Structure formats: C-alpha cells, structure tokens
Amino acid sequence: MQGGVGVWGPEGVKTERSNMSNRKTAKELLVDKGQLDDKVVAVRVGKSIVDLHTALDEATVVEPIRIGDPGALDVVRHSTAHVMADAVQRMFPGTKVTIGPCTEDGFYYDFDRPDGAFTDADLKKIEKGMREIVKANAPFRREVVTRAEAIDRFKGLGETYKVEIIEGIPEGEDISLYTHGVKGKEWTDLCAGPHVPSTGLLGAIKLTSVAGAYWRGDERNPMLQRIYGTAFPTQEELDEHLRMLEEAKKRDHRKLGKELDLFMFHEWAPAMPFFYPRGASVYNRMVDFLRGLYVGAGYEEVITPQIYDTRLYQTSGHLANYRENMYFGIPSDSLGEILGSYEEYQKKQGGKALGDKEREEFLTHEIMQARFAGAKPMNCPGHCLMFASRRRSYRDLPWRMADFGRLHRYERGGVVHGLARVRSFAQDDGHIFCMPEQVQEEISRFNKLLYRIYSAFEFKDVHIKLATRPEKRIGTDEMWDLAESALEKALIDAGLAYEITPGEGAFYGPKLEFHVRDALKRSWQLGTIQVDYSMPERFGLEYVGSDGAMHRPVMLHRAILGSVERFMGVYIEHCGGAFPLWIAPEQVILVTVSEKQTQYGQEALAYLRGRGIRAVADLSADKLGAKIRNARMMRYPYLGIIGDREAEGRLIAPRSREAGELEPMALESFADRILAEAVPGGTPPSNP
RNA sequence: GCUGGCGUAGCUCAAUCGGCAGAGCACCGGUUUUGUAAACCGGAUGUUAGGGGUUCAAGUCCCCUCGCCAGCUCCA
C-alpha cells in the first residue's frame, strides 16, 4: 500500500480511501447514482474537473463528464499527450520528458532528445505507436506518493526535468503519478491529472507539427523539442478540424494579399507593408468609415509629427521603458557631432580602440544626450504637447483627439508576421483628455462606439480582458488602484462580461482589451482603452476648473481597430478576401461577351462611375467563361455581363458573388441596387 | 533575439549521385467574335536572395549576411 492512502481496485484502477469511512471515489459516487457508463471520462466537482479515482466526501455533488461534454475534450487530449510521451520514450530511448499540457486546439509535449529534432517521418511512427497503446485499452491509474518517493523514482529513471518540477511543488500539495499501459508495458508520468479511466476512450489522433521550445519558456534555458498534436472523440471531428486548418491556410491574408493585389513586402523595408491601389482602397475606406463616426462621437482629428527630439521620450518615459522598440533617426548634423565626440573620447583614452561593449555604451549615451530624432512609436506624447500648448478650461473637456499618424516600432525579428505584426503602421488612435469624474462616462461611450464598429465589420463575438499593473511601470500605486477600478466599474455598469489578466497592463496604465473571434473561430486582440494618470503628470498637463484652480486631467488611450494594418489582415481572413460591397476596392466588373459590345461597355462603365460606383471593365478578347472565372477569383461583389441583348436594351445582366445569376435589369436599376446595398452592415456582436 | 526549416521566371512549382536551368499560369504577338468558372497557335522570361569558399564542374556541398516560414520568447 503505497503512500498509505490507496489500494488497487479489482480492475487495476487504483481507488483511494482515507481512514474515515465517509470517503468514496468519484467512480463509486457515480455508481451509487447509476450514472456510470463507458462514456464517462471524468467528473465535475464544483468548478474543477477530477478523475474517477479521486477520493471525495460522500456528500460531494458530482456530475459525470462524458465524451462530447464540455471539458471532456481537455481530459482526453491531456491523456493523449501522456500516450504520446509513452510512445516517444519507447521509440527514442534516452529522450527525457518534461511537460505536456492540452491547448485550445489540442496538446503538446516537450521532450529533451539528445539526437535533436523529430522529423515528419518520426511523427508518423509515433502516431502509429500511440494507436497501438489506445487499442490495448489499458487503464490509467493514479497514485499519490510522498515527495521523497517521487524524487527517488524519477531520479532513478534519469528524468531530471521531472525532479526539478517535483522540487517546485509546494509543501502540502499532493504529488500524484499516473500510470497507463498493459502489464509489462506500463508508463508513468508525474501529473496532477485528471485523466480518462482507460486509453480506449481516446479517439482520433493526429500529430501536427514539431517545434523548438525553451524549458519553462525561458530563453536562457535549453531548447526542447515540442511535438504538437490534436485529438477528437471521432475521426469525423478530427477531419473537420483539419478541414478548418486547410480553410485557414486558404484564407491566410498573406496569400490573399498577393492573389488579390492588396499589398506587398520588400526586404529593403522588412516588415513594413506596401499597399497596392486595391489594398490602399480598402485601407482608406476603413479609416474613412471611422472618420464618419467620429463626427457623431465628438472626436477631432489632429495631425502630428513623425520624428521628435529625444527629450519628448525622456518626458513620456518611452526612453526608459520602450527604447528597445524604437527607431532612432539621425539628422546628418548630429551624426557629425557624435562622431566628433567619439574621436575626442578615444583621444582622451590614449587613442586605443574601445571594446564593443564600451563603444556601444558610449554611442548610446551620446545618442540620448544629443538632440536626436526618434520616429514615434506612439502618438500620446505628441498629443500631450498639443494639450499643454495653451491654457485649457474644464469647459473644453473631454477633449477627444483622434490621430491616424504612422507609427514605427522596431519589433524583434522572429515576431513579425504579415500584416498582423509590422514595424510601420497606423492606429485608429485617440486620446481623451478629461476630468477624473468623466472617466466612466467616456469609457461607456467608447464601448458603444466600439460595438458599433465591430458590428459593421460583422465581428459578432467579442470578449473583454482587464489587464492590470505590470511590474515595469510608472505612477503610484494609488493611481493604479484608481485607474483599475474605473475600468472595472465601467464594465460592471455596462453589464459586460470580462476576464482579468494580471500584470498585462501598459507601463503607464491598466487597459481593457477587446478580443474578437473571426469566421474561423480564432481570437484576435483588436481594440483597447487605457486609463492613464501618469502621462498628464509627466507633461505637467493642467486645466482651469470651475473653481478657478488648476487641475490635472486624466488621459484615456484608446483604439478600436488597433493597428489598421493588423485589423486589415484579420478582416481579410474574416471575409476570406470577399469584401462586402461597401468596402470592396471595386464594386462591379463589367464583362463583355465579345468585342462587339465594347462601345456599350465603355458607356456603361462611365455611367456607373458617374453615379459614384467603383467599377472596372474587362473588354478583352477572352471568352466569357474565362472572364467570369478571372472575376470570380478576384472576388468582385458584382459582375455586369454585357452581350448583344444588353447593349441593345441598355441593360446589365448581373451576377452576384453571393447569389449567382440575376435577371437582366436596366443599367440605372443596377446602379440603384449597388448604391443601396453598399452600406456597412451586420447585427451587433454578442458578449457572452 | 533563440531553435529548426526555406529562398529557382511576376505567381505556383520541377531540375536523379555535383554534370546543358525547366513547366504551367500570368505577360506580349497573332488567329478566333465568343452568353455565365480556363479557346487555339507562337514568342520573350533568370545575378538560382546576396557575398565568399571547395571542385574540372555548384541551384545542389561548406561559411557569412539578408529575407521569409513554423515555434519559443516578446507584444507599451
């Protein structure tokens, strides 16, 4: 009887009993209620999920979790990760195990393999080995052991990472081991569980990829080999998941950007997008849509410089907190000055060359001392200068300042990704300067505007995160208390559901993050609003209150699309490149059946354009089928087919991207229809 | 930045063991005058990312740099 708490049950499943007779296993509780069947993978107790072997008080309310129930998938995947590690260690002796959790889409397990990376062929082999283990339908057993026992056991196996994990488990917590496999082929892992009762409950398995990952996510630690996989109860569900991945690949905005002539990149401006006319058209329409809404929402747009004296960033705190991500432009005068002082310094040092590190320190210092220009990574400091430029009254507040200025941020090489993470971009940025008592009202107004905009782009699923103070920050704890509670209160007042993410706030203030799910159920962070008491203080911002005294305004940083570039990337994938009529670069392409209709084609094109419709025409000598195919691939919302019949009757035979062929109609009616349909639409998003 | 992989025509991709750089699409010229997802014939297309090395010979092997991809880390 190991650890003094358990006995082996009749089916080899370990049951646990305390000395007190009123304890039963979850399994026994289910049997008592007549709820045990072969689909049960675990039970829910309150908010947590535990496995069938867990000893519980007799009076505990347990709810069975069966295959297909929410929560079951995680248990299945986690158990599948164990089976994978088992297979891997069987096939690749000498490989050490570390951790293997489940993720949103599947699971992974990190290995330390002396022979280096796994190949795709290895994955196939491992999969096969896993299927055999599943087929054996062997039970998972849980046992609780003492710390010393656990350490002994894993030390004996040479599992140094496991030993490290055990040493990190706080005193008083159970140390549990899980073993699965048929006799003689058993495999044990340190794990908190829960796990399925038997490997036979594991369904369709697919190992998807292999990648490097640091031990404990720290880049100073050794790189491990991570194998990603996924598992579903049935092959059909796995196939559906794989089909979604394929669909995501097809919709990848980088691919569509190329195919649809939207944007490009060039290695001479890495991670900085170039928008072709079609892309620029969509981009500008997004921005113009916001500008239209800003009128009603009381925003005023400003235009601010691109490059500033470093003193600006000293004042704002960016130099101290954000320097690694900034570009420092050098006016040619300053370059001369720097080189001059470098030579002088060298002379003083007796002419000997400086070491790399010393030189870097010297030059960095000089750059910061000199009145160097840095490309702005954010608009807020510039806006503070505008606020401070003259005396402000409480009557002017709130002042809602909007700015679509370009920002430059030096992102580390490995993080840039298509339009989603770039080094040159614009935000639909805005800063609201207001009195402290106006903060709540402004947050509420912002929320309304945000939902209005998301619904126009047909993002229906929004979830909110409240990110609180990070370790590296400016401002006092009182300020942070105030700011965090203002955000939380606005959410509670609006009845919006949210999640708190501790330590994720900006260095100058806490923030709300608005995440949306796209058509493929992937989550993206778009909007944000941040409460900032620090920046106004650093810039000495003041306004005259109704009492005649000077007061400090609060600053709200806010964006709805976030980075316009990133939003465009997300939106391209959301709509699969099939832009709705209101935002499509071209709304109509006219297609002539033969060159006989060229003249009417040109007339119709001019007419549509005269009505303000974005139209193009394909008057080439291609056959109709080919022209339609080309137009379909470019995803024009409407095709206007023109043959002899249409040319004679001043008609258009429309073909809608969504609805297919339509009855021929008068050119004028066609134009009316397009104009009527070309409005931002959609139903308001839900907030579950 | 780290680990691994990749970089061949505008695009998608071939090129056996190190042995003549190729195909389709796009493009250009011609024929066809077409009714709802690809007409036909012909033509041009390259610093094989850049630099260096090994070799009689390098797209292919080695080194460096740049860029891209996946993941990690980061994401004010």
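Given the structure is predicted, the values throughout are model-derived calculations rather than measurements. Letters go in sequence order (proteins before strands), and every chain restarts at 1.
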Can you tell me the distance, in whole Å, between the [atom1] atom of [X] and the [atom2] atom of [N]?
X	N	atom1	atom2	answer
A:Gln525	B:C74	CD	C1'	14 Å
A:Met272	B:C66	CE	P	15 Å
A:Met634	B:A38	CE	C1'	16 Å
A:His557	B:C75	NE2	P	18 Å

_Of A:Ile641 and A:Ser594, the one whose closest RNA chain B nucleotide lies more 5'_ =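 In this pair, the answer is A:Ser594.
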_If you assign each of A:Tyr508 and A:Val593 to its closest nucleotide in RNA chain B, which residue comes earlier from the 5' end?_
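Looking at RNA chain B, the more 5' nearest nucleotide goes with A:Val593.
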_Dot-bracket encoding of pairs in RNA chain B, which uses [ ] for pseudoknotted crossings and | for another strand, Watson-Crick or G-U under 3.5 angstrom_ = (((((((..((((.....[..)))).(((((.......))))).....(((((..]....))))))))))))....
Quantified in whole Å, what is the [atom1] atom distance between nucleotide [N] and nucleotide [M]?
N	M	atom1	value
B:G46	B:A23	P	13 Å
B:U32	B:C40	P	16 Å
B:C17	B:G59	C1'	15 Å
B:C28	B:G19	C1'	34 Å
B:C63	B:C68	P	22 Å
B:C64	B:G4	P	12 Å
B:U8	B:A14	C1'	9 Å
B:C11	B:A26	C1'	7 Å

*Does the base of B:G35 carry an N or O that pairs as donor and acceptor with the side chain of A:Gln597 under 3.5 Å?*
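No, the side chain and the base share no sub-3.5 Å donor-acceptor pair.
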_Should the side chain of A:Arg412 and the base of B:C72 be counted as holding a donor-acceptor pair, with the cut-off at 3.5 Å?_
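Check fails, no donor-acceptor contact within cut-off.
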*asked:* So if I define the base as every atom that isn't primed, P, OP1 or OP2, how would nucleotides 41-46 of chain B read as a B/S/- string at a heavy-atom cutoff under 4.0 Å?
replied: ------
Are [X] and [Y] within salt-bridge range, i.e. N to O under 4.0 Å?
X	Y	result
A:Arg469	A:Asp481	yes
A:Arg673	A:Glu677	yes
A:Arg421	A:Glu411	yes
A:Glu504	A:Lys511	no
A:Glu586	A:Arg278	yes
A:Arg406	A:Glu565	yes
A:Lys249	A:Glu247	no

_A:Leu466 side chain reached by A:Glu513 side chain, heavy atoms, under 4.5 Å_ =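 Contact flag for A:Glu513/A:Leu466 side chains = no.
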*Tell me, do A:Trp524 and A:His515 make a side-chain contact under 4.5 Å, heavy atoms counted?*
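No, every pair of side-chain atoms sits at 4.5 Å or beyond.
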*Taking syn as within 90° of 0 and anti otherwise, name the glycosidic form of B:C40.*
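Anti, angle beyond 90° from zero.
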State whether [X] places a side-chain N or O below 4.0 Å from either non-bridging phosphate oxygen (OP1 or OP2) of [N].
X	N	answer
A:Tyr636	B:U36	no
A:Arg566	B:C75	no
A:Lys623	B:U36	no

Identify whether any heavy atom of [X] sits under 4.0 Å from a base atom; if not, whether one sits that close to sugar-phosphate; answer base, sugar-phosphate or nothing.
X	result
A:Gly643	base
A:Ala631	nothing
A:Arg473	nothing
A:His417	sugar-phosphate
A:Gly660	nothing
A:Ala269	nothing

*Distance under 6.0 Å and angle within 45° of the ring axis: does A:Arg226 meet both against A:Tyr108?*
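The answer is yes, since A:Arg226 meets both limits relative to A:Tyr108.
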*CG/A:Asn379 to NE2/A:His557 distance, rounded to the nearest 0.5 angstrom?*
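Answer for the CG-NE2 pair, A:Asn379 versus A:His557, is 11.0 Å.
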